[in-house]
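Inspection log for the structure reproduced underneath, given as C-alpha cells.
Proteins get letters first, then strands, A, B, ... in listed order; numbering begins at 1 in each.
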Protein chains: 4
Amino acid sequence: MPQQPLSMSEKKKQKRAAILKAAIKVFSEKGFAETTIAVIAKEARVSFGTVFTYFETKEILYEKAVLEPLDEIKPYFLKVDDYFSGTPLEKIQQMIETHVDLFSERSEFLRLIQQVLGRPERFPKLFEELDLFVDDFVNIISPTIEEGQRQGVFYEETPALMAQSYLAILNGMRLTYINESTHSLWNALTVQALRLFGPIIKN
Amino acid sequence: MPQQPLSMSEKKKQKRAAILKAAIKVFSEKGFAETTIAVIAKEARVSFGTVFTYFETKEILYEKAVLEPLDEIKPYFLKVDDYFSGTPLEKIQQMIETHVDLFSERSEFLRLIQQVLGRPERFPKLFEELDLFVDDFVNIISPTIEEGQRQGVFYEETPALMAQSYLAILNGMRLTYINESTHSLWNALTVQALRLFGPIIKN
Amino acid sequence: MPQQPLSMSEKKKQKRAAILKAAIKVFSEKGFAETTIAVIAKEARVSFGTVFTYFETKEILYEKAVLEPLDEIKPYFLKVDDYFSGTPLEKIQQMIETHVDLFSERSEFLRLIQQVLGRPERFPKLFEELDLFVDDFVNIISPTIEEGQRQGVFYEETPALMAQSYLAILNGMRLTYINESTHSLWNALTVQALRLFGPIIKN
Amino acid sequence: MPQQPLSMSEKKKQKRAAILKAAIKVFSEKGFAETTIAVIAKEARVSFGTVFTYFETKEILYEKAVLEPLDEIKPYFLKVDDYFSGTPLEKIQQMIETHVDLFSERSEFLRLIQQVLGRPERFPKLFEELDLFVDDFVNIISPTIEEGQRQGVFYEETPALMAQSYLAILNGMRLTYINESTHSLWNALTVQALRLFGPIIKN
DNA sequence: CATGAATGAGAGTTCATTCAT
DNA sequence: TATGAATGAACTCTCATTCAT
C-alpha cells in the first residue's frame, strides 16, 4: 500500500520518459524546426496535448532532449579514471573505443550535439552547456595526456589541443559510417583517433 | 543594340548572384527551415517576389546555395596536383593548411555541409552529391598517400580511411574555434590533422 | 452521528462558497472568456477538478457568479421601504448614497453587470434577469417618485424614465472614480444623481 | 495616368478600411477575446491571411478598432464651439442631442468604449487614451458651464464633476434603449442629461 | 521583370471538460 | 469527494507561393 503513491508517480515518470525518448528520436532526425509536436506525440503514443502536460513548450522539450542524452554520455567523458585503467596509452585507447561504440549505438547523441554546435546563436544556453562540457573533458583528460607525454608515448603538444582535436574527429565522424556496423571500420577509426595523441604503428 | 540584351543578362546575373550570396549567408546561419525568403530578399536588397523570379522554390534555392559553395571549394580538394607540390608530406601539409584557411575565412562552407550531412533523408540529392565528392577526394588523394607510404613517412593504413578520417577532423572543427583567427591555433590543428597521416614531431 | 452528514454538507457549502467568491473576483476582473478555471481554483485554494464538482461548466459558474452578487444587491434596490424612510426626497437621497456606497466598496457588482449588459446576445438568460430587475426597480420606486412629484419636489417626468436614467448614471460611473475613496467625490456624484429627480441646490 | 499609383494605394486603403470596419463591428459585439480573426475576415470578405497583411496582430487590430471610432467621435466632444452655438444652455442642449444621436446611430462606439473602461489593466494604453479624452472634454466644456453658472441657469457645481457625471449617464445608457429608435425616449434622455447641469422644467 | 498583396496550409499553444484513481 | 493527467477543438500567427499590376 505505501507503494501506491509511488506507482502513481512511477507511471507519470514512464510517460514523461516515453515522450522524451520520442522527442530525442525525432529531434535528432529532423532538427528542431522541422519537428512537430504532433509527430513526437504519435511516436510516444500519446495525444499531443499530453506532451504539453509534461513539457511546457517545444523549446523546453528540445532542451531536455539535448541535455538528457548529454548527461547520459557525460560519465564516459568525465569519469575517465573510473572506466579506464592501465598506461596512459591503454586508457586513451579504451576511452576512444568506448566513445566510438557509444556513438555507433546511439547516433542521436551525435546528431543532437551537432545541431546545437551548428547554431550557437539559436541555442545559446545549450551551446554554453556543451562548451562547459568540452572544458571539463579537457581538464579531466589532461593529466593522463601529460603522463603519456612524460613516458614519451604521446606527442609534446598542449593537452587542450590534443583533447579538442580528438573531439573534432569524434564529432566529424559521419553518421553514415557510424551506422554501418562494420567492426573493421570502427577499429580503423579508433586507431586514427589514437594517432592524434601519439605515433601508433598498427601491427 | 546587340549589347542591350547582353547588358541585360549581365544585370540579371548580378541580381541572381546577389540573391544566391544572401541565401548562402542566411541559410548557413539559420538552416533551411528557420530561414525565410523575406530575410534573404532583404539581405540581397531585392523584393521577395524577385527571389522567386530567379529561383522557383525555396528548396531549389537551398540546393543552389549548397552546391555553389561546394563547387567553389571542390578544386582545393580535387585538384591537389594543381595546387600543391613537393614530397607527399609537403603536399598534404600544404593541402591541410589551405583547407583550414578556407574554412576559417568562409565558415559558411562548413556550416552548409554539416547541415546536409546531418539530414541525409531530408536532402538526399545534396547528400548524394557530398558522398560523390568524398569518393572523388579519396580517389584523388590516394596516390599521394600511397607514395608517402612507399617513402615510409605515412602510416600503412588504407588510403580511403586516412582520407575519411581527415575529412572527419575537418568537419568536426568547431566553427567557434575556426572563427577565432589565432594563427597558433590553426597551426596546431594543421599539425594534428597531419598526424592522421604520419607520425609528426613538431620542432 | 446525525451531525456528521450535516457538518459534511457544511464543509461542502463552505467550499462551494469559496469557489463562487473566487469566481466573482476573477470573472469581474477578467471577464468570462479570459478567465480560466485554473485561476479561479487557485484563488479558491482548491484543485481545478474540484470546481467541476460544484459547478458543471464554466458557463454555469459564470451565471452563478453574476446572479449571486445580483441577489446580494437586489434588496438595496427592491426593498426601498425597508431601508429608507422620510420624505420622498429623503428616501431617494438615502437610496442613492447606499447604492454609491455599495458599488464603491464592491466594485465587482458593477463590473459583472456591465459585462452582461454589454453582451445581451451572449448572455441572454442573464440579460433577461437584469431586465426584470430593472422593471422591478422601476415598479418599486415609482410610487415614491410619484409622491415626490405630488409634493412638487420632483420633476414631472414619467417615473420609469427617471428611474432608468438614474440606473444609467449609476452604471456609467467609472470604476476608477469609484475606487478612489475620496468622499467628496461620492457626495458630489450623489448630488448629481439626485438632480435627475429634482432641482437640487447644494447648500 | 498619374492617378494609377494613387488608385493602387486607394484600393489598399479601401481594403484596410473594410477590415477595420468589420473589426469594429465584430469586436463591439463579441469583445476582444471571443472575436476570432476568421470571423472578421469573413465579415470583411477577405481571407484571414489578409487581415494580418494590414494589421500585425489581433491586439493591434483591436487598438485601431477602438481608436478610430474614438477619433471619429472626438470632434463632437472637443470642438464644442464649432458645432454648437447660442446661450450656454442652448449649446449644452445641442451637444447632448448630438451625442445621444451619435450613439444611437453607431452604438459600436459605446460598446467598444465600455469594453475598455471595464478592463483598465487589460487595455492600459487604450484606457489611458480614454482618460486623456475625458480630461480634454472637461477642459473644453468647462468655460461654457462656468458661463452658464454666471448666468444663473446652471448649478453651482465644479464644472469637472458636472462634465463627468454627464459622461457617466451617456456611458450608462443601455444599448437596448439606444437601439430602440423611439424618438420620445431619446428626447426624454436628453432632458434628463440636461438636468445634471441645471434645473430644467419640461413644458 | 519587379513588386508585394492575397491566400491558406500548417504549427504551437491554451484550456474546458472528462474520468480513472 | 478530490485530484490532476489526458484529450483535442479552436485559436493566433507565419510564410511559401501565386499572380495581378
Side-chain angles (χ1 to χ4, degrees), chain A residues 4-5 7-9 11-12 15-16 19 32-41 45-61, chain B residues 8-9 11-12 15-16 32-41 46-62, chain C residues 8-9 11-12 15-16 19 32-41 46-62, chain D residues 4-5 7-9 11-12 15-16 19 33-41 45-61:
Chain A
Q4 209 64 18
S7 77
M8 278 242 297
S9 83
K11 219 177 222 172
K12 276 175 60 181
K15 194 158 270 188
R16 203 195 113 102
I19 293 169
F32 178 78
E34 293 187 26
T35 293
T36 69
I37 297 288
V39 168
I40 292 174
R45 293 171 182 277
V46 299
S47 89
F48 78 85
T50 302
V51 175
F52 288 98
T53 305
Y54 289 89
F55 302 92
E56 295 170 70
T57 64
K58 187 186 176 186
E59 200 86 24
I60 286 171
L61 177 55
Chain B
M8 281 256 288
S9 86
K11 223 177 222 168
K12 276 170 62 179
K15 201 163 260 186
R16 202 194 117 101
F32 178 78
E34 293 188 26
T35 292
T36 68
I37 297 290
V39 167
I40 291 174
V46 299
S47 86
F48 80 86
T50 304
V51 175
F52 288 97
T53 305
Y54 291 89
F55 302 92
E56 296 170 69
T57 66
K58 187 186 177 187
E59 201 85 24
I60 287 170
L61 177 55
Y62 186 71
Chain C
M8 280 256 287
S9 87
K11 224 178 222 169
K12 277 170 59 179
K15 199 162 263 189
R16 201 194 117 101
I19 293 169
F32 178 79
E34 293 187 26
T35 293
T36 67
I37 297 290
V39 167
I40 292 174
V46 299
S47 86
F48 80 84
T50 304
V51 175
F52 288 96
T53 306
Y54 291 90
F55 302 91
E56 295 170 70
T57 66
K58 187 185 176 186
E59 201 85 24
I60 288 171
L61 177 55
Y62 185 71
Chain D
Q4 209 63 17
S7 76
M8 278 243 297
S9 83
K11 218 176 222 171
K12 276 176 60 182
K15 195 158 268 186
R16 203 196 113 103
I19 293 169
E34 293 188 26
T35 292
T36 68
I37 297 287
V39 168
I40 291 174
R45 294 171 181 277
V46 299
S47 89
F48 81 86
T50 302
V51 176
F52 288 99
T53 304
Y54 290 89
F55 302 92
E56 295 170 71
T57 65
K58 187 185 176 187
E59 200 88 23
I60 287 171
L61 177 55

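dA9(E) is paired with dT14(F) under the criterion used here, namely a Watson-Crick or G-U wobble arrangement in which both key atom distances are under 3.5 Å. Using N1 to N3 plus N6-O4 or O6-N4 for Watson-Crick, or N1-O2 and O6-N3 for G-U wobble, each under 3.5 Å, dT21(F) pairs with dA2(E).
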Item to check | side-chain hydrogen bond (donor to acceptor under 3.5 Å, both in side chains) evaluation trace for Thr50(B) with Thr53(B) | outcome: CA-CA 5 Å; Thr50(B) 304; Thr53(B) 305; 5.1 Å; no
Item to check | Steps toward side-chain contact (heavy atoms from CB on, under 4.5 Å) verdict (Ile37(B), Phe52(B)) | outcome: CA-CA 9 Å; Ile37(B) 297 290; Phe52(B) 288 97; 3.8 Å; yes
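Residue Arg45(A) holds its CZ atom at 12.5 Å from NZ of Lys15(A), rounded to the nearest 0.5 Å. A distance of 7.0 Å separates OG1 of Thr36(B) from CD1 of Ile40(B), quoted to the nearest 0.5 Å. Note: Ile60(C) CD1 to Lys58(C) NZ = 13.5 Å, rounded to the nearest 0.5 Å.
The side chain of Lys15(D) contributes an N or O atom lying less than 4.0 Å from OP1 or OP2 of dA6(E). In terms of phosphate contacts, Lys11(D) brings no side-chain nitrogen or oxygen within less than 4.0 Å of OP1 or OP2 of dA5(E). Between dA5(F) and Lys12(A), a contact under 4.0 Å exists linking OP1 or OP2 to a side-chain N or O.
Nearest-nucleotide positions on DNA chain F for Lys58(B) and Glu56(D) put Glu56(D) closer to the 5' end. Both Val46(A) and Thr57(B) lie close to DNA chain F; mapped to their nearest nucleotides by heavy-atom distance, the more 5′-ward contact belongs to Val46(A).
The two residues Ala38(B) and Phe48(B) make their nearest non-hydrogen contact at CA-CB, 4.2 Å. Of all non-hydrogen atoms in Ala33(C) and Ala33(D), the two that sit nearest each other are CB-CB, 3.4 Å.
If you measure from atom CD of Glu34(D) to atom C1' of dA16(E), you get 13 Å, rounded to the nearest angstrom. Leu61(C) places its CG atom 10 Å from the P atom of dT17(E), with the value rounded to the nearest Å. Rounded to a whole Å, the CD1 atom of Ile60(A) is 13 Å from the C1' atom of dG12(E). Rounded to an integer number of Å, the gap from CD1 of Ile40(D) to C1' of dT12(F) is 12 Å. Separating the CD1 atom of Ile19(D) from the C1' atom of dA6(E) is a distance of 10 Å, rounded to the nearest angstrom.
Of the residues in residues 48-55 of chain B, those with a non-hydrogen atom less than 4.0 angstrom from any atom of DNA chain E are Phe48(B), Gly49(B), Thr50(B), Thr53(B), Tyr54(B).
Side-chain proximity of Ile37(D) to the nucleotides dT17(F), dA16(E), dT12(F) is greatest for dT12(F). When distances are taken from the side chain of Thr36(A) to each of dG12(E), dT7(F), dT3(E), the shortest belongs to dG12(E).
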